[in-house]
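Labels below follow one simple rule: chain letters A, B, ... track the order of the sequence lines, proteins then strands, and each chain is numbered from 1.
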Amino acid sequence: MSNKAKHWEKTKGQMIITMILWFFFGYVIFMFGENINSASFLGYPLAYYMCAQGSIIAFVVILFWSAGRQEKIDEEFGFTEKEDD
Amino acid sequence: MFKGKFIDNLPKIYGTYTGGFLVFIILMAIAESAGMTKETIGILFVAFTVCIYAFIGWLSRTVQVDAYYVAGRQVPTVFNGMATAADWMSGASFVAMAGGIYFGGYTYMAFLVGWTGGYILVSSLLAPYLRKFGCYTVPDFIGTRYGGNFARFCAVCVLTLASFTYVTAQINATGTIAARALQIPFELGVWVGLISILLCSMLGGMRAVTWTQVAQYIVLIIAYLIPIFWISNKGGYGLFPHLMLGEEVARLGELEAQFGLVKNSAAAVKEAGVPGGLKSISLPHSEVPAGGMAAWKFISLALCMMVGTASLPHILMRYFTTPSVKAARKSVCWSLFFIALLYTSAPMLATLSKLSLMDPTLPTGIIGKEISAVMAIDWVSAWTAQKQAFIADFNGDGILQLNEWFMRGDVVVLSTPEIAGLPYVISGLVAAGGMAAAMSTADGLILAIANALSHDIYFKIIDPKADVRKRLIVARSLLVVIGAFGAYIASMRITGILGAVAWAFDFAMSGLFFPLVLGVWWKRATRQGAIAGMITGLGSGTAYLIYVYPKFMGNPAWLGIDHLRFGIIGASVCLIVMVVVSLMTPAPDSATQKMIDEVRIPSGKTILGKQH
């Protein structure tokens with residue numbers, strides 16, 4: 001497999017992991033909204049908290065984490081850009 | 001004062017700007033205590049900020065194509081993040097979102113999740129690759145990846161429909177705010193709003209829009225956060241409201257049980273003469289509605305908003321302005337960070353606002369009190385006179401019940417400072433913030449449409465030999481024409497702010513999401529497939545909207561997919577048709593395959609040349 005193809009395989013893998021996390025915080029939690037709302041976090045009902053703040057914060061963290069991982073992948077295969085290009 | 005290049009001085013420039021804005025707020029506060037009238041303060045806030053944006057727009061004027069279309073591709077990540085956040089957070093986010101949560105509670109908050117989660121799709125699936133492509137507009141990508149003017153033309157159609165649906169709502173919002181702050185009629189306010197919008201974008205295109213959007217973000221975030229922190233601390237709810245309103249949310253639940261959540265019948269509302277657009281609270285604040293259907297409605301709305309986010313061209317084109325692919329990816333992260341600052345605050349504002357009206361033990365509470373006493377309160381009589389609030393004594397007991405208090409959603413943001421007894425300078429600040437939010441989004445949208453028409457239709461299809469001067473004249477004229485058309489539609493007052501905003505997401509996802517994503521992620525996707533997908537996706541989505549929307553055909557929604565969610569139908573059809581047709585037609589040629597390989601690698605030259 002060529003360097004490019006390997007890089008794309010890893011990039012795809014990273015994309016799929018990110019999508020799984022996205023799906024969990026965007027959808028899975030709210031499928032069970034009714035069940036988890038009796039639990040509480042910081043004094044808020046859990047499902048309410050997740051849509052008011054929890055999932056949004058999770059999205060921000062996932063984005064920064066995923067961008068960092070992707071940069072490492074690019075570096076590993078020597079595809080890092082020169083800043084002046 | 002500022003040595004060296006403009007870009008290197010950005011933190012200093014915007015730091016000074018922020019400081020200057022804070023000084024202005026303090027000056028206004030001093031003027032208020034010296035006896036300046038509310039009207040003058042409101043006018044000064046809106047006029048002062050709009051003049052600054054116009055000044056930035058004038059400073060950023062340009063005669064270069066690269067600067068006009070993609071801000072010279074040199075916007076640093078964090079600043080591009082701020083600009084995107086302002087581009088993204090519309091008048092609806094700023095003015096109507098807290099109101100939506102106020103009335104809809106948990107059910108409405110699907111919008112919060114939907115309007116943030118989409119950025120993960122943008123970052124993982126699209127932005128870095130579109131940046132590598134080096135296109136000026138979104139249809140530019142479609143046109144080059146799939147080849148042929150017809151594919152490009154279809155993409156322009158989807159873009160125009162989605163963005164135009166959105167932009168009328170924004171011009172409407174600037175009109176409403178300008179009318180209220182400057183004390184002029186709404187129809188005139190719309191045109192004042194439009195002129196302010198064009199002042200920011202006409203001379204400098206994307207470059208001017210970028211630097212005004214950063215300035216607008218700073219104003220809108222200050223205007224949103226100061227009142228929340230102030231009210232929370234003044235009312236003793238907690239130093240940092242985001243972490244400390246658990247008890248208040250629980251108290252709202254108690255109050256809902258005490259007063260009872262009653263849904264008024266449409267007939268009773270009509271008979272009482274409640275003005276259009278006003279609502280009463282009938283849904284619980286934090287309780288999750290029971291049943292699988294309710295969960296599906298929450299999830300499906302979030303899905304539409306997320307996929308729509310990733311297909312809206314005015315957002316995607318912001319990532320064409322970064323210096324590199326890596327910077328494009330990072331700036332998506334910063335965009336969501338800056339958006340989250342406002343979005344995580346909206347539920348807190350709704351909670352505080354609801355509590356201060358509903359809790360009879362608070363001096364600000366009105367529910368459960370005598371109607372005659374409530375009517376005598378200053379802000380109540382002012383808003384009722386403007387038909388923004390209404391009291392209907394259904395049971396005739398002279399006491400204001402929860403279902404007897406009607407209000408327009410916008411009032412929550414615009415008047416909470418006043419209700420909570422904050423000085424008027426804060427209300428002026430909020431008006432300036434709302435204006436900034438609506439203007440920045442309108443600017444991004446109008447520019448997206450005008451750029452697509454001038455670059456993709458005029459330059460790429462009609463007159464590929466046009467010189468730079470001619471191209472920029474066409475681009476600017478289109479900007480004015482589209483803006484004027486949008487203002488004309490807005491002045492006719494056709495839809496409420498939010499219905500139209502959600503539709504834009506559904507239109508965009510129906511026609512653009514899969515052609516964009518598969519263009520990068522599936523080499524086998526062909527021109528015929530993409531064209532068929534765009535046409536059938538947009539067509540079926542629109543047909544379903546007409547079928548289901550109460551004001552058109554009004555048929556019962558299928559599986560709970562109502563007019564806010566029609567993108568699910570459109571995007572599914574688009575995906576299926578695109579895959580089937582692509583597999584039936586010959587695979588793209590080796591040049592195209594090679595181009596896709598190149599797009600997937602972050603380093604190296606962009607696919608399209610520097611000037612194209």
On a heavy-atom basis, the closest approach of B/G291 and A/E34 is N-OE1, 3.0 Å
Scanning both residues in full, the closest heavy-atom pair of B/H242 with A/Y44 reads O-OH, 2.9 Å
Exercise. Keeping the roles fixed (side chain from B/D597, backbone from A/A5), state whether a donor-acceptor pair exists under 3.5 Å.
Key: no
Bottom line for B/T107: the part with an atom under 4.5 Å from chain A's heavy atoms is neither
Among B/S345, B/C333, B/A295, B/G292, the residue with the most heavy-atom pairs under 4.5 Å to chain A is B/C333
### Query
Can you check whether B/R600 reaches A/K4 side chain to side chain, under 4.5 Å on heavy atoms?
no
Checklist entry - Quick one: are B/W521 and A/W8 in side-chain contact, heavy atoms under 4.5 Å? => result yes
Counting heavy-atom pairs under 4.5 angstrom with chain A, the leader among B/V113, B/I101, B/L125 is B/V113
One should read off an interatomic distance between A/M31 CE and B/I299 CD1, to the nearest 0.5 angstrom, of 4.5 Å
Turns out that what part of A/L42 lies under 4.5 Å from chain B's heavy atoms comes down to both
Only one of A/V60, A/I56, A/I57, A/L63 passes side chain to side chain contact (heavy atoms under 4.5 Å, CB included) with B/T116, and that residue is A/I56
Answer whether the closest heavy-atom distance between the side chains of B/S124 and A/W22 falls below 4.5 Å. no
Any side-chain heavy atom of B/M109 sitting closer than 4.5 Å to one from A/S55?
no
The interface call for B/W334 against chain A, heavy-atom contacts under 4.5 Å, is both
Of A/S40, A/G78, A/A67, A/C51, the largest count of non-hydrogen pairs under 4.5 angstrom with chain B goes to A/C51
The interface call for B/Q74 against chain A, heavy-atom contacts under 4.5 Å, is neither
Check: Quick one: are B/P347 and A/Q53 in side-chain contact, heavy atoms under 4.5 Å?
Finding: no
Rounded to the nearest 0.5 Å, the CG atom of B/L243 sits from the OH atom of A/Y49 at a distance of 7.0 Å
- side chain to side chain contact (heavy atoms under 4.5 Å, CB included) assessment of A/F59 paired with B/I339: CA-CA 11 Å; A/F59 291 146; B/I339 292 166; over 6 Å; no
Separation between CE (A/M15) and CD1 (B/I120), nearest 0.5 Å, reads 13.0 Å
So, the part of B/L303 with a heavy atom under 4.5 Å from chain A: the answer is both
Is the CD atom of B/E256 crowded by more than 12 outside heavy atoms at less than 6.0 Å? yes
Turns out that what part of B/Y343 lies under 4.5 Å from chain A's heavy atoms comes down to both
**Item:** A/F64 side chain near B/K330 side chain, heavy-atom distance below 4.5 Å
**Value:** yes
Residue from A/G68, A/G43, A/A52 scoring the most non-hydrogen pairs under 4.5 Å with chain B is A/A52
Under 4.5 Å to a heavy atom of chain A? For B/P289 that would be backbone
Shortest non-hydrogen pair, B/V288 vs A/G33, comes out as CG2-O, 3.5 Å
In short, B/V249 meets A/P45 closest at the heavy-atom pair CG1-CD, 4.0 Å
Taking atom NZ of B/K523 as the centre, does the number of heavy atoms from other residues, nucleotides or ligands within less than 6.0 Å exceed 12?
-> yes
- With under 30° as parallel and over 60° as perpendicular, where do the rings of A/F30 and B/Y106 fit, or are they tilted in between? tilted
Okay, B/E248 and chain A: the region with an atom under 4.5 Å from a heavy atom over there is neither
Counting heavy-atom pairs under 4.5 angstrom with chain B, the leader among A/A58, A/A47, A/G54 is A/A47
TODO: Check whether any side-chain heavy atom of B/V325 sits under 4.5 Å from a side-chain heavy atom of A/F79, and report yes or no.
DONE: no
Closest heavy-atom pair, B/M306 versus A/G26, reported as atoms and distance to 0.1 Å, is CE-CA, 4.1 Å
With a sphere of 6.0 Å drawn around CD of B/E247, does it hold more than 12 non-hydrogen atoms of other residues, nucleotides or ligands?
no
